[in-house]
Amino acid sequence: MLILSGKPVFGGIARGKLFYFQQDENEVTKRLIKNTERELKIYEDAREYALAELDELYTTALEKVGENEASIFIIHKMLIEDSAFYKSVYDRITEDHFCADYAVAQTSRDLSEAFSNMGSTYIKERAADLKDVCDRLIRHIQNKNEKRIELKEKVILCADELMPSETMQMDLSKVLAIVTRYGSSNSHTAILARTMNIPAIIGIGAEKLSMLRDMEAIVDGFNGNLYIDPDENALKQIAALEENEAKKREMLKRFKGRKNITLDGTEIQVFANIAGLNDLNYALENDAGGIGLFRSEFLYLGRTHMPDEDEQYFNYRQVLERMNGKKVIIRTMDAGADKNIKSFGLAKEENPALGVRSIRLCLMRPEMFKTQLRALLRASVYGNLAIMLPLITSMEEIHRAKRLIEEAKDQLRAKGQAFSENIEIGIMVETPAAVIMSEEFAKEVDFFSIGTNDLEQYIMALDRQNLTLENYYEKKDHEPLLRAMRLTCDNAHKNGIPVGICGELGADLELTEKFLQMGIDEISVTPSQVLPLRQKIRTVKIEQRKQLFDPAAVKS
Ligand code: PEP
Ligand code: MG
């Protein structure tokens, strides 16, 4: 038996075979082309992309695993930049008239053959690197999304790291658990695992994770342990843990159908976060009082084409219908940063978390944004919809987004399509700018929802994707963050609007009392956290808050 330990992301036990996910074998067809200049340009662009990607990989690896392991990406860059490599691709395009991907594939084949025939083990190993580099180039030439993960049976999915787009491409019903070598607990793949009730461990660190494919294993997502080929003793331990957890779950069922009332009589809303229709089942199973965050961008992730207005409309409509009049807060598309949507063709950025993402991207592409807005508006007649704008940093963004909502309404009116006239428009408070301007913003919108994942990242200057910083994230009650949240609550309440939390911190039961005392009105968590939070709220006193704030007094 071998035990590997990492950071638990979502509790649960899973037993099964390990499946190791690796990047695709590219399919390349021989095509003869006439326009060699155009083909060379295609190659040059792909080369630029690949080099930028390798720079990024090097920086990340340097931080996470050190110089030794990171240096592999420098070797990969050297291979691409090598003049003999370039000449080989160049000649095949200009002389043989091969298409760019075939020219690279041929170069790869010839050079690897030459490498393999050499005696040195070092050079033989470089043949594998050459293949890796050529695959990367071909992927960029073919403008391909990452590999679709095809799962034939239920497995424990292992990977070095998983991107949200990759996670979204697989059949999640076949994923018993997720184990990654890297990753961070606030990354969107981790959030997705939690939302989907998938036991998950990140940062398992094992270099040889890929060697363990097909072995029988048990994932203990509560404690972050992966048991490979477990012995009798481990099996007994796991069985006891499972029994214990099942009892806890059974006990939590008592809280279904009950209100979330504090010891001193204040009702708090407990909602669920979802990323799509699948998770809606979990939200309903756990009796969520509403949807506090529907991450709508997950409809776009991992696809080659954007969902059109009708597809979006049917998705939103289903959520609204199934929530049966309960509030559903749908966040407009929050793409960019780690949620890279290939079909958008976004340029590589030095600092994607500070770059073209979220509302900025939507405002840069108003037609795309209005397609989503029309879909939302049309769906609004089927339930209690609220629209939430992410990553707001200025009043201008709020005004521009609202103008686009009005334009979308005009377009629907012109076509005689119905929509509700009472849709609340709120914003996420997830940037320091939004906190500082919260007094003014509160006069412009109907509600706030604090996105603690990004707010913590920006206030504490902590990259949420960076596993090396996990120990900073371990400390949950960063005073600057709590003060920012308190200020947001005060400014919202002064202006008579409610405040929720939709970031992961909302599920931290050790902070529930603090949150409620600062005035949080609603907390939205992953579906599995709804009942534990409901139980917790019933044990909390928030008298202090009553002295600080009385919403009835403000509104009257
Ligand atoms: C947040 O930033 O807290 C949030 C809820 O949004 P996301 O995690 O999708 O960025
Ligand atoms: Mg966010």
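Owing to the predicted nature of the structure, the values given are computational and were not obtained by experimental measurement. Counting starts at 1 for both ligands and their atoms, following the listed order.
- With D287 as the partner, the side-chain hydrogen bond (donor to acceptor under 3.5 Å, both in side chains) test is satisfied by one option alone out of K256, R534, R258: R534.
- More than 12 heavy-atom neighbours from other residues, nucleotides or ligands sit within 6.0 angstrom of CD on E421.
- E510 CD: 12 or fewer foreign heavy atoms inside a 6.0 Å radius.
- Using modelled atom types, one side-chain atom of T195 and one backbone atom of I191 make a donor-acceptor pair closer than 3.5 Å.
- Rounded to 10°, the angle formed at the Mg ion (ligand 2) by D454 OD2 and E430 OE1 is 90°.
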For ligand 1, run through the N/O pairs with the protein that fall under 3.5 Å and put one pair on each line.
unit_1, atom_1, unit_2, atom_2, d
ligand 1, 2 (O), E430, OE1, 3.0
ligand 1, 2 (O), D454, N, 3.0
ligand 1, 2 (O), D454, OD2, 3.0
ligand 1, 3 (O), G451, O, 3.3
ligand 1, 3 (O), T452, N, 3.1
ligand 1, 3 (O), N453, N, 2.8
ligand 1, 3 (O), N453, ND2, 3.3
ligand 1, 6 (O), R331, NH1, 2.9
ligand 1, 8 (O), H188, NE2, 3.3
ligand 1, 8 (O), R295, NH2, 2.8
ligand 1, 8 (O), N453, ND2, 2.8
ligand 1, 8 (O), R464, NH2, 2.8
ligand 1, 9 (O), H188, NE2, 2.8
ligand 1, 9 (O), R295, NE, 2.8
ligand 1, 9 (O), R295, NH2, 3.4
ligand 1, 9 (O), R331, NH1, 3.2
ligand 1, 9 (O), R331, NH2, 2.8
ligand 1, 9 (O), K339, NZ, 3.3
ligand 1, 10 (O), H188, NE2, 3.3
ligand 1, 10 (O), D454, OD2, 3.0
ligand 1, 10 (O), R464, NH1, 2.9

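- Counting non-hydrogen atoms of other residues, nucleotides and ligands closer than 6.0 Å to NZ of K154 gives a total of 12 or fewer.
- Between the side chain of T431 and the backbone N or O of I392 there is at least one donor-acceptor pair closer than 3.5 Å.
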